[in-house]
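All values reported here derive from a predicted model rather than from experimental measurement. Each chain gets a letter, A, B and so on, in the order its sequence line appears, and its residues count up from 1.
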Protein chains: 2
Amino acid sequence: MFGFNTPSIDSKGRIAIPARYRIDFKTQNHNEIVITKDPQYPSIKLYHHSEWQRISTKLQSLQGLDPIVRNLQWTILGNAYQTDIDIEGRMLVRIPSDLQNYAQINEQKQVALVGMGNKFEIWNIKNWEMRQTGGSLSTEILDVVLPESIKEMSF
Amino acid sequence: MFGFNTPSIDSKGRIAIPARYRIDFKTQNHNEIVITKDPQYPSIKLYHHSEWQRISTKLQSLQGLDPIVRNLQWTILGNAYQTDIDIEGRMLVRIPSDLQNYAQINEQKQVALVGMGNKFEIWNIKNWEMRQTGGSLSTEILDVVLPESIKEMSF
DNA sequence: ACAGAATCCGGCTTATAAACCAACTCAACT
DNA sequence: AGTTGAGTTGGTTTATAAGCCGGATTCTGT
């Protein structure tokens with residue numbers, strides 16, 4: 001589940017996971033995924049069950065006094081939607097409208113779907129191209145020095 | 001699988017791996033390879049299965065909040081295409097068009113194929129010659145100081 | 001609680017793109 | 001010069017994606 005695709009998003013906010021990614025979901029044997037915000041950039045993250053378990057557990061265990069940590073918890077945990085996907089069919093995923101706004105993919109016909117191995121990212125295509133060519137994005141949400149406690153984490 | 005060749009790339013974006021490299025793929029006993037971007041220079045990297053396992057696993061495990069690390073993950077993982085090659089036959093590899101653009105090998109009749117032992121690199125011939133003679137390339141994508149966590153990695 | 005409306009969901013159809021297969025050309029070696 | 005292996009090309013088939021449509025479910029207002 002690596003690589004880059006530009007599937008279409010329909011008027012109802014549905015995205016069909018491209019066929020070459022589907023095997024990974026099947027082998028995982030879990031038809032539940034979690035969609036949430038990326039804490040740093042205007043994009044959406046899509047985890048499958050096991051990876052979400054790992055991340056959410058770690059995040060919850062962190063002490064909530066550091067404002068940056070609390071921000072991460074709010075952003076990631078507080079915006080997580082769990083949905084089921086049809087493993088056999090087209091694997092349609094519905095993106096909630098507030099996440100669509102966050103990633104600036106409402107009003108779009110196509111989105112950038114980026115397979116990162118243990119997770120997916122969904123981007124506005126323009127933003128993705130901009131990021132790839134080193135341009136600055138309109139919103140970089142979390143641009144701070146990170147505390148030691150989350151240095152070794154991977155989201 | 002060392003050395004230098006200039007195979008042709010056809011209108012469909014196909015490159016035939018030269019015969020003298022094929023033995024290495026056969027002995028590996030894996031007919032799947034991964035094509036992705038080079039994070040530093042305008043070239044394409046071609047890994048066979050085991051080497052890709054090593055790199056992608058390491059990259060995924062790194063914490064994803066450091067912008068430099070995220071850039072590496074996006075470039076390498078987010079642009080990786082896995083394809084099967086026919087070990088017995090002609091070993092045609094199709095290069096996706098966005099990677100062709102990245103390496104500036106669209107509109108070319110021939111490319112530079114460089115065997116690096118555990119990986120291949122595919123270059124625009126002009127760029128390759130330029131790099132060998134110490135000339136500067138039009139685009140050097142990742143021109144930054146790398147964090148300690150990935151200092152010892154080799155891509 | 002019920003009727004109407006809107007939304008959601010799955011199957012079908014068509015267009016497009018990738019993988020497959022086979023033939024032809026060229027070069028090297030005998 | 002004939003033979004063999006390598007490289008190149010084009011056509012065919014298969015797979016994939018996306019628009020379309022109808023049925024089902026939920027939601028809302030009366």
Identify, with sequence neighbours excluded, every residue that meets side chain to side chain contact (heavy atoms under 4.5 Å, CB included) alongside Ala103(B). Ile44(B), Ile105(B)

Heteroatom pairs (N/O) under 3.5 angstrom, protein to nucleotides 9-13 of chain C:
unit_1, atom_1, unit_2, atom_2, d
dC9(C), N4, Lys12(A), NZ, 3.2
dG11(C), O6, Arg90(A), NH2, 2.8

Suppose the criterion is salt bridge (Lys or Arg N to Asp or Glu O under 4.0 Å): which pairs have a residue in residues 101-113 of chain B, not counting sequence neighbours? none

Could you tell me which residues satisfy ring-ring contact (aromatic ring centres under 6.0 Å, His included) with Tyr81(B), sequence neighbours excluded, listed by chain and number? none

Atom CD1 of Ile15(B) and atom P of dA6(D): how far apart are they, to the nearest Å? 19 Å

Base, sugar-phosphate alone, or nothing: which one does Ser11(B) contact when heavy atoms must sit under 4.0 Å apart? nothing

Rounded to the nearest angstrom, tell me the gap between atom CE in Met91(B) and atom C1' in dT9(D). 20 Å

Taking side chain to side chain contact (heavy atoms under 4.5 Å, CB included) as the definition, give me every residue that meets it alongside Pro7(A), ordered by chain and number, with sequence neighbours left out. Asn5(A), Ile15(A), Val111(A), Leu113(A)

Sub-3.5 Å pairs of nitrogen or oxygen atoms, protein against nucleotides 28-30 of chain C:
none

Within the sub-3.5 Å range, which N or O atoms of nucleotides 13-16 of chain D have a protein N or O partner, and how far apart are they?
none

Find out whether Gln132(A) and Thr75(B) are in side-chain contact, i.e. whether some heavy atom of one side chain is under 4.5 Å from a heavy atom of the other. no

Asn124(B): partners by side-chain hydrogen bond (donor to acceptor under 3.5 Å, both in side chains), with sequence neighbours left out: none

Any residue meeting side-chain hydrogen bond (donor to acceptor under 3.5 Å, both in side chains) with Glu32(A), in chain and number order, not counting sequence neighbours: His49(A), Gln82(A)

Gln82(B) has an atom CD; how far is it from atom C1' of dA18(C), in whole Å? 16 Å

Between dC20(C) atom P and Asp84(B) atom CG, what is the distance in whole Å? 8 Å

Using atom NZ of Lys109(B) as one end and atom C1' of dG7(D) as the other, report the distance to the nearest whole Å. 13 Å

Parallel under 30°, tilted from 30 to 60°, perpendicular over 60°: which one fits the rings of Trp123(A) and Tyr41(A)? tilted

Hydrophobic cluster identity match, Leu62(A) and Ile76(A), side-chain contacts under 4.5 Å: yes

In whole angstroms, how far is the C1' atom of dC20(C) from the CD1 atom of Ile85(B)? 16 Å

Parallel, tilted or perpendicular: which describes the rings of Phe120(A) and Tyr21(A), with under 30° parallel and over 60° perpendicular? perpendicular

To the nearest Å, how far apart are Asp10(A) CG and dT7(C) P? 13 Å

Scan for salt bridge (Lys or Arg N to Asp or Glu O under 4.0 Å) pairs involving residues 41-52 of chain B, sequence neighbours excluded, and state none if there are none. Asp38(B)-Lys45(B), Lys45(B)-Glu121(B), Glu51(B)-Arg54(B)

Given the rule that I, L, V, M, F, W and Y join up when any side-chain heavy atoms are under 4.5 Å apart, are Ile125(A) and Trp128(A) in one cluster? no

If each end axis of the helix from dC9(C)-dG22(D) to dT30(C)-dA1(D) is fitted on five C1' pair positions, the angle between them, to 10 degrees, is 10°

Salt bridge (Lys or Arg N to Asp or Glu O under 4.0 Å) partners of residues 11-20 of chain A, not counting sequence neighbours, each pair once: Asp10(A)-Arg14(A)

